[in-house]
Structures are given as C-alpha cells and as structure tokens.
Asker: 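Please find one structure pasted underneath; my questions will follow.
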Amino acid sequence: MCTNIKLAWRNIWRNRRRTLITVASIFFGVLLSAYMTSMQEGSYSKMVDIVVKFYSGYMQVHHEDYWENKSINNSFDYDQALIDKLKSHPEVDFVIPRLESFGLASAEELTRGAAIFGIVPDVENQLTGIAAKIISGKYLQPTDDGVVIGDGLARFLKLQIKDTLVIITQGYHGVSSAGKFPVRGIIKHVSPELNKSIIYMELKTCQYFLGADNKLTSLVVNVDDNDVMTSTLKKLKKEIQSPYSVMSWEEMQPEIVQQIESDRAGGIIMKAILYIVIAFGILGTIMMMIAERRREFGVMISIGMQKKKLAAVLFIETLLIGLLGIASGIAVSLPLLFFQAQNPIPLTGETAKLMEDFGFEPYMFFSTAPEVFWQQAISIFIISVLIGIYPIISTLKIKAIKALHG
Amino acid sequence: MNVIEVNALEKIYNDSEVKVFALNGVDMTIEEGEFTAIVGPSGSGKTTFLNMLGGLDQPTSGQISIGGTDISKLSSSQLIDFRLRNIGFVFQAYNLIPVLTAKENVEFIMHLQNRPKEERENRTMSLLKAVGLEGRENSRPNKLSGGQQQRVAVARALASKPKFVLADEPTANLDSKSTENLLEIMEELNIKENITFVFSTHDQRVVNKARRVITLEDGKIISDVRKDILPQ
Ligand SMILES: Nc1ncnc2c1ncn2[C@@H]1O[C@H](COP(=O)(O)OP(=O)(O)OP(=O)(O)O)[C@@H](O)[C@H]1O
Ligand SMILES: [Mg+2]
C-alpha cells in the first residue's frame, strides 16, 4: 500500500503543471462554493434570526384553535402550571406571554388597521430588544396605560409623542371596545410589515381594553437556536396536550421556510453545474494521464504487476488530486469565511435601502456552519471516487501485449 | 533440464482480411543456461514468438510449457503471477517506470513478490553492481543513458530470480559501444550465474555472441545452430 501511494504521488507530479491546473480548478470550485454557501446560509440564519427574534420566537404555545382562526375568542387563561411546565425544560430561556389582536387605529380623520400586541414590557424586551428600537419617546413601563407604535403607523396617522391614539376593535366574545391611548414611544420595527401596523400595549392594559381579563393568545417559548428547538419541540409536542398546542416558527411561517428552501435549491443547482464542469476537468486530466502511460502500463503488467494493483495506484492518483484540491480549498476558505463571518460586508446604495426596508440589516452575512465546508469536501470526494472508476475500468481492460506495442 | 518446451506452436492473426501465419508450427526446447539468439528478417515472427514464450499472448494452437507448467492452462491473472515468478523481461525501450529511481525500479519487482526489505536491498545493490551501475542507483531513468537504462532493465529482470530472461531486440536503440557493453554483462551473468537468456536481434555482433542461433522465416524455424565452445 505504501509503495502504491508513493508511486501515485510521484505520478501525479510527472506533469506538474497539468496537476497544478487541475488542483487549482478544484481549489477555486471549493472556494467559490464554500463562499456562496456561506453567504446563503448566513443570510438565511439572519432571516430566521429576525423572524425569531423580533416576532415569533422559536416556538409558541396557543389554544389549539388559535392558529386556524386568530381570534381573541381562541385565547386561553393565564396558566401558571403550563408556564412552569415549559420552564421546567432547562433549554427553554424565556416564556413570554402575549395577547395579540387586531383593531382599527385612528387619529383625527385617519384610520388604519393595526396589530395590537399586549406584552409584559420587560420580558418582551428580553427577547426582542425592542426598547432599543425606540426612535422617539420612551419604552413602556411595567404598568403603563399608553402605547408604543410603529414608526410607519405613526407617520400614517401623523401622530407624535404624547398625542392620543384611538383604537376601535372587537374584544373578547364580541364586546366592542374603543379606547384612547397616549403615545409613549415610536419604534422603528425591523419588520416593515409590523412597522406599519404595530401597537404595543402593556399586557394588563390590553386585557382590560379587550375585555379579556387574564387571557393570553400566545406563549412564546424561546430556546438558543434551531438545533435546540428541533429537539425541544419534539418533547413539547408530546407534553403539551389539548386544549393547547405548540408550534415552531417553521410551522408558523412556512413561507419563510419555503423561500429559504427554494433559494437553497437554486444554490445547489449552481454548485452542481460548477462541480460538473470541474468533474469534467478532472476526468480529462485522468484520461490524458492514462493515455500517455499505456506503454508503461503494458510493461508493468508484463513484468508481473496485477492489474488490480495498477488500478489501485491510478485510483489513488485520482483521489490524491481530489484531496489536494479539497485540502487547499478548505485551507483557504476556512480562515477567509471565519474572517468574513466576523466582518460582514456592508452594503450600500439601493440594495442596502431595499434590505433595510425589508427589515434586514444592510450587510452580507456569512455562515461558518460546518456544512459550508464539509459539503464541498464531500462533493469533491464523491466526484473523485466516481472519476476514479474510470482508470480502474480502463486498467482492468488493458491487454498487456497491445499496450506494450503502442 | 528443459526450461522451455514448445510443441507445434501456431499463431494466426486474423484481425485483418488476410490471415497472417505469424508462427507456423514451431517446435523447440530451451535448456537451462542457454544463451540463445532468435534471428530472422523483419516480419518473420520473432516478436510474436517471444511474446508467446513470455505468456504475453495466447497461441492459436500448440503448447508452451515453462518449467513443466503448461501456461495455456493459466487464467490471465495467474499468468501475471507466473510471469512475476518465472520470467524476466527486457524490452526494446521504455522498460523502466519513469518515476522510480534505478534502485527502486529493480526493487519494484521484489516488492510485487513481497520479499523482505533486507533481501530486496541487498539484492538490488548487488544486481546494480553486476550491471555496472554502482553510484547511479538513485538516478531516475531520464537521467540515465539508453544503455544504462537497458542495464537497469536487465538487473530488474534478474531481480525476481526468473527461470529465464526474454529480451526482444534489447540493443535495437543502443549505439555500438552500449550494445557491446550490455551484451558483455548479459554474457557474464549467463556464465557466472547460469542465467538463461533468450533474445531476438537484427545485429550481427549480437548474433555472434550467442551460443545458439535460431533462425525464423515466415513463422518457421529454418535453422538452429549451436556453438558449443564457450567464449574465453
Ligand atoms: N497484432 C498483430 N496483428 C496482425 N498481424 C500482426 C500482429 N503482430 C504481428 N503481426 C504480423 O505477424 C508477422 C510477424 O510479426 P512479428 O512482429 O512477430 O515479426 P518480427 O520478426 O518481430 O519483425 P521485426 O524484426 O520487424 O520486429 C508479421 O507479418 C506481422 O505483420
Ligand atoms: Mg519484432
């Protein structure tokens, strides 16, 4: 085996330039694919981050009918036992109560549909950090009869701090409620949708306003990351019984999952094309290598080298070229992408504005998840193994006598 | 003792429209210790004959037995092993593995035979010495002259301790000095170590060195002359 590897290693350097070019093509392929994957995954996790952090959390518990019909009538009573049960899982960092509803927000002649979020200010801020997004005025106090509204909504209604917002809505069991609320603060919400419609209200105030004393529509159950969520979700799905149900952000926002999946599929197609091109490059090199050395193979088989041994040497040669490409590609992309992940690329101009409008920070984010790297390594490895079949087959078919005489 | 026995050997090439009777009923034996030249005009069947003796090609009919083994009964992979253990080859050119040094080329065949390292090294060094390449053992083939390369090939052919060495026009690409030199080395190995050599050639000086000359024409042996006097 050792001799085979030595032989293979020397053989690939017989035509140094050709081998270097082939290795370079793999190197650039790995680098490009890793870079692309890193950028894609980076933007997806940012996207998920935004959804999770600023809106839904990783999981939510609702009344089992709530998601089908998001009416305040499908709310449930504040249930300490339920909350304790959720909190008993050490991986759960927060359980955040909310009462969400819809209403008409108006000021003077202007009216617009709005999302009403009854929140516990401090607890909510732990998850979403909304206090920091206040652009004028103040965040809600623990007991507060005012509201914090989205910047877009404020502009539409021409409201400023200390102005009064009027909300008209249908409360619990159809009671109609109307109320006046002083505007305490204006928030620039990262989600453009919410920015145009959000009204934050202290939970008790909200419950009272909607005639829904002690009622909640959702409990946000937050964990560290997606991986933890997957395992926790499984446990919670078993534990949480009717009339409650638990949902992941993926179930609540299937359109985001779909968007990520289709974008990812696009990336895979691009990478597949790139890898096919590279594969043909490697194959060409291997074919040339074999064609040039036919006579030598003839000699080797004549003097007593078994074909399968020769095939092994050629297979190792193919693998070595692949491995050199992988190693060099990973050696460069690993530090590069770790650097990029620490230093996301700031975007400027139209793109930046567009991204900001969509609630994204105007940066190109990079992921250093292990799959960014091993995906490329595995792809090239599989390609090398597949290409390695070619020299194996062609050696096994060699007729020593024909090879010897050209 | 007969190393090679050939009976009614025929080789017909019929891949083109006309059948070529490359070997047309050859009978002969070669004994241990012979130093035999196969001669004949171009196309007479020398290469075809040596390929048959070396188990590189299958005869159309007839038998070849080497050291008592009928080689037509062997499968192709058994035949490769048989060649490894019994036959040394020296080809006209491009004998050596270009990425291996002289020493490694000689050792290679013993690697294939799974010989222990110590034996490999000792034998390699003594063989390279015998062919006059002491000091060049670490050169790759492209750093050696044609004659030196052929000498390495002879050393390699002997490394496996074969029953005989086959050489198809081993001097065809060599100048006269290298030719003489190679022949001397072969002769010396033949006399001192009793190694059996069978070689084909067009070169009269090479023919003169042989102690037995078999002449082929149109695939038949037309003469078989022994010179029984050993050279001084
Ligand atoms: N693979 C082949 N297919 C068809 N015919 C062949 C093949 N190999 C050899 N022949 C024919 O067989 C005959 C003998 O050829 P061979 O090569 O054995 O001659 P040779 O004595 O070695 O000639 P030279 O001195 O030129 O090397 C020739 O007529 C040749 O054309
Ligand atoms: Mg010939």
Side-chain angles (χ1 to χ4, degrees), chain A residues 1-19 285-286 288-318 320-321 391-406, chain B residues 11 13 15 47-48 50-52 54-58 75-101 104-115 117 120 140-142 149 153 156-162 165-166 168-169:
Chain A
M1 197 61 205
C2 199
T3 346
N4 288 357
I5 293 172
K6 181 173 82 183
L7 208 55
W9 178 255
R10 291 197 195 165
N11 278 326
I12 63 173
W13 296 112
R14 277 162 83 161
N15 193 328
R16 190 179 298 265
R17 189 154 33 149
R18 183 171 65 203
T19 300
T285 299
I286 299 297
M288 263 195 281
M289 229 155 72
I290 288 171
E292 286 165 0
R293 279 156 56 193
R294 264 186 79 75
R295 175 176 244 124
E296 182 182 323
F297 297 160
V299 169
M300 289 165 113
I301 296 166
S302 297
I303 65 172
M305 188 178 200
Q306 287 291 351
K307 290 178 188 175
K308 53 179 193 252
K309 228 171 184 164
L310 180 57
V313 173
L314 292 166
F315 183 72
I316 295 170
E317 288 178 31
T318 317
L320 280 176
I321 290 179
I392 292 176
I393 291 172
S394 58
T395 346
L396 295 181
K397 283 202 303 207
I398 285 182
K399 293 259 178 290
I401 184 85
K402 286 214 177 103
L404 262 182
H405 297 284
Chain B
K11 177 69 180 181
Y13 290 110
D15 26 76
T47 296
T48 307
L50 290 187
N51 285 344
M52 299 289 144
L56 293 173
D57 206 356
Q58 294 291 331
S75 72
S76 78
S77 104
Q78 283 174 324
L79 206 51
I80 293 175
D81 265 335
F82 187 83
R83 291 200 294 264
L84 175 64
R85 295 185 199 285
N86 298 287
I87 310 172
F89 289 91
V90 178
F91 302 101
Q92 185 176 325
Y94 309 112
N95 266 293
L96 305 179
I97 299 167
V99 293
L100 299 182
T101 62
E104 289 165 336
N105 261 287
V106 176
E107 241 189 302
F108 181 71
I109 203 135
M110 289 185 276
H111 256 301
L112 294 179
Q113 291 180 319
N114 295 321
R115 296 289 173 89
K117 186 172 158 69
R120 285 195 322 250
R140 293 227 184 152
N142 61 358
Q149 289 181 32
R156 180 187 64 192
L158 294 176
S160 64
K161 299 191 176 157
V165 174
L166 282 179
D168 191 8
E169 305 201 36

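Just so we're on the same page: letters track the sequence lines, and every chain starts at 1. The structure displayed is predicted, hence computed values, not measured ones.
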Asker: On a heavy-atom basis, which atom in Ile303(A) and which in Ile109(B) lie closest, and how many Å separate them?
Answerer: O-CD1, 3.5 Å
Asker: Measure from the side-chain N and O atoms of Arg83(B) to the backbone N and O of Ile301(A), and report whether any donor-acceptor pair falls under 3.5 Å.
Answerer: yes
Asker: Specify the closest pair of heavy atoms between Ser302(A) and Phe89(B), including all atoms of both residues, with the distance to one decimal.
Answerer: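 Here Ser302(A) and Phe89(B) meet closest at O-CE1, 3.3 Å.
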Asker: Quick check for you: to the nearest 0.5 Å, what is the distance between Ser76(B) atom OG and Leu396(A) atom CG?
Answerer: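 Going from OG on Ser76(B) over to CG on Leu396(A), the span is 10.0 Å.
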Asker: I need the residue from Leu79(B), Leu56(B), Leu96(B), Asp57(B) with the largest number of non-hydrogen atom pairs under 4.5 Å to chain A.
Answerer: Leu56(B)
Asker: Heavy-atom distance under 4.5 Å to chain A: side chain of Ile87(B), backbone, both or neither?
Answerer: neither
Asker: Suppose the criterion is salt bridge (charged side-chain N to carboxylate O under 4.0 Å, His left out): which pairs have a residue in residues 298-317 of chain A, not counting sequence neighbours?
Answerer: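 Checked against salt bridge (charged side-chain N to carboxylate O under 4.0 Å, His left out) - neighbours excluded - the pairs reaching residues 298-317 of chain A are Arg293(A)-Glu317(A).
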Asker: Output the option from Pro98(B), Gly88(B), Gly54(B), Ala157(B) having the highest count of non-hydrogen pairs under 4.5 Å with chain A.
Answerer: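 It is Pro98(B).
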Asker: Distance check, rounded to the nearest 0.5 Å: Met52(B) atom CE versus Ile401(A) atom CD1?
Answerer: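 Nearest 0.5 Å value for the CE-CD1 distance: 7.0 Å.
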Asker: Return the set of residues passing side chain to side chain donor-acceptor pair (under 3.5 Å) with Thr101(B) (not counting sequence neighbours), or none when no residue passes.
Answerer: Glu104(B)
Asker: Out of curiosity, Asn95(B) CG to Arg295(A) CZ, how far, rounded to the nearest 0.5 Å?
Answerer: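 That separation rounds to 10.0 Å.
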Asker: Could you tell me the separation between the CE atom of Met305(A) and the CG atom of Leu112(B), rounded to the nearest 0.5 Å?
Answerer: 6.0 Å
Asker: What distance do Thr47(B) atom OG1 and His405(A) atom NE2 have between them, rounded to the nearest 0.5 Å?
Answerer: 6.0 Å
Asker: Would the number of heavy atoms belonging to other residues, nucleotides or ligands and lying under 6.0 Å from OH of Tyr94(B) be above 12?
Answerer: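 Open.
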Asker: Treating Glu296(A) as the side-chain partner and Ile97(B) as the backbone partner, does any N or O pair qualify as donor plus acceptor under 3.5 Å?
Answerer: no
